[in-house]
Amino acid sequence: MKNNEAIAMTQLQASAAGEAHLKFMGIPICGSLDLFVDALVGKGFKVSKWSQNSVCLYGNYGGYRGHFFKGAQARACVSDLGEVCRIEVSFRSQVPEVYRKYLLLKAYLRDRYGDPETAHFVEDRHTMSHCHFSVFNLEAGVIMLSLEYGMPWLNGCSEPIVRIEYTDKAGYFEPAAAED
């Protein structure tokens with residue numbers, strides 16, 4: 001399926017459901033995993049691995065103030081409802097470069113959505129691990145940006161990682177049961 005067709009189909013599904021969905025690179029985070037992946041492939045991502053409820057891709061992300069983040073790893077996940085509900089993008093690099101990426105992404109999100117609802121720095125002197133994170137709580141979903149380093153037990157290696165996670169509220173959270 002062509003890029004424009006895949007994006008149009010996900011937008012059509014989003015408007016047919018009558019719900020506001022969080023968007024990732026202009027693509028509503030909703031609908032089937034196949035359509036969502038087709039739209040990402042149309043944006044230049046390449047599929048690296050499929051599993052039952054998720055797919056891993058890699059490609060370039062961003063464009064904020066002329067900065068593209070090459071070699072991004074993305075993972076799209078579906079909820080128990082069978083809808084795409086979350087996409088996580090991560091970048092690995094050395095400390096000065098990864099910290100610069102974190103600050104650029106934080107500035108991008110702040111310019112686009114305002115100040116984060118939560119922003120913290122966590123340091124564990126026992127494990128020598130550090131984590132900066134910012135949470136943007138939006139009407140359509142939640143965006144969490146984090147910088148993790150010195151945590152091989154958390155991200156699988158001691159190499160620093162920047163992670164940005166988009167979680168769509170409409171697709172992720174089940175509707176509340178009607179009260180009698």
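Quick caveat: nothing in here was measured; it's all calculated off a predicted structure.
In the hydrophobic cluster analysis, where Ile, Leu, Val, Met, Phe, Trp and Tyr join through side-chain heavy atoms closer than 4.5 angstrom, L138 is grouped together with L109. One hydrophobic cluster, built from ILVMFWY side chains closer than 4.5 Å, holds both I164 and L103. A chain of hydrophobic side-chain contacts below 4.5 Å, direct or via other Ile, Leu, Val, Met, Phe, Trp or Tyr residues, connects Y166 to V41. Hydrophobic cluster membership is shared by L145 and Y99, with clusters built from Ile, Leu, Val, Met, Phe, Trp and Tyr side chains linked at under 4.5 angstrom.
Atoms NZ and CZ, from K43 and F24 in turn, are 9.5 Å apart once rounded to the nearest 0.5 Å. Rounding to the nearest 0.5 Å places CD1 of I143 at 7.5 Å from CZ of R112. Atom NZ in K101 sits 11.5 Å away from atom CG in L147 (nearest 0.5 Å). Distance CZ/R75 to NZ/K49: 9.5 Å, rounded to 0.5 Å. Taking CZ of R163 as the start and CG of L105 as the end, the distance is 13.0 Å to the nearest 0.5 Å.
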Steps toward salt bridge (charged side-chain N to carboxylate O under 4.0 Å, His left out) verdict (R86, D168): CA-CA 6 Å; R86 188 179 73 218; D168 181 63; over 6 Å; no
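Between N53 and L33 the shortest heavy-atom distance is C-CD2, 4.3 Å. Nearest heavy-atom pair across I87 and A74 is CD1-CB, 4.3 Å. Across S134 and K106, no two heavy atoms sit closer than the pair OG-CE, 3.3 Å. Shown here for I29 and C85, the closest heavy-atom pair between the two residues is CG2-C, 3.6 Å. When all heavy atoms are compared, the tightest approach of G141 to K169 is CA-CG, 3.5 Å. Annotation for F136 and G114: closest pair CE2-O, 3.2 Å, computed over non-hydrogen atoms.
No close placement of the Y102 and F133 rings is indicated, their centers lying 6.0 Å or farther apart.
Under the side-chain hydrogen bond (donor to acceptor under 3.5 Å, both in side chains) criterion, Q73 pairs with no residue, sequence neighbours left out. Every residue two or more places apart in sequence or in another chain was checked for a salt bridge (Lys or Arg N to Asp or Glu O under 4.0 Å) with E165, and none qualifies. In this structure S90 satisfies the side-chain hydrogen bond (donor to acceptor under 3.5 Å, both in side chains) test with no other residue, sequence neighbours excluded.
Counting heavy atoms from C-beta outward, R110 and P116 have side chains that approach closer than 4.5 Å. Under the 4.5 Å side-chain criterion, counting only non-hydrogen atoms from C-beta, V37 is not in contact with F45.
The aromatic rings of Y61 and F91 sit tilted, their planes meeting at an angle between 30° and 60°.
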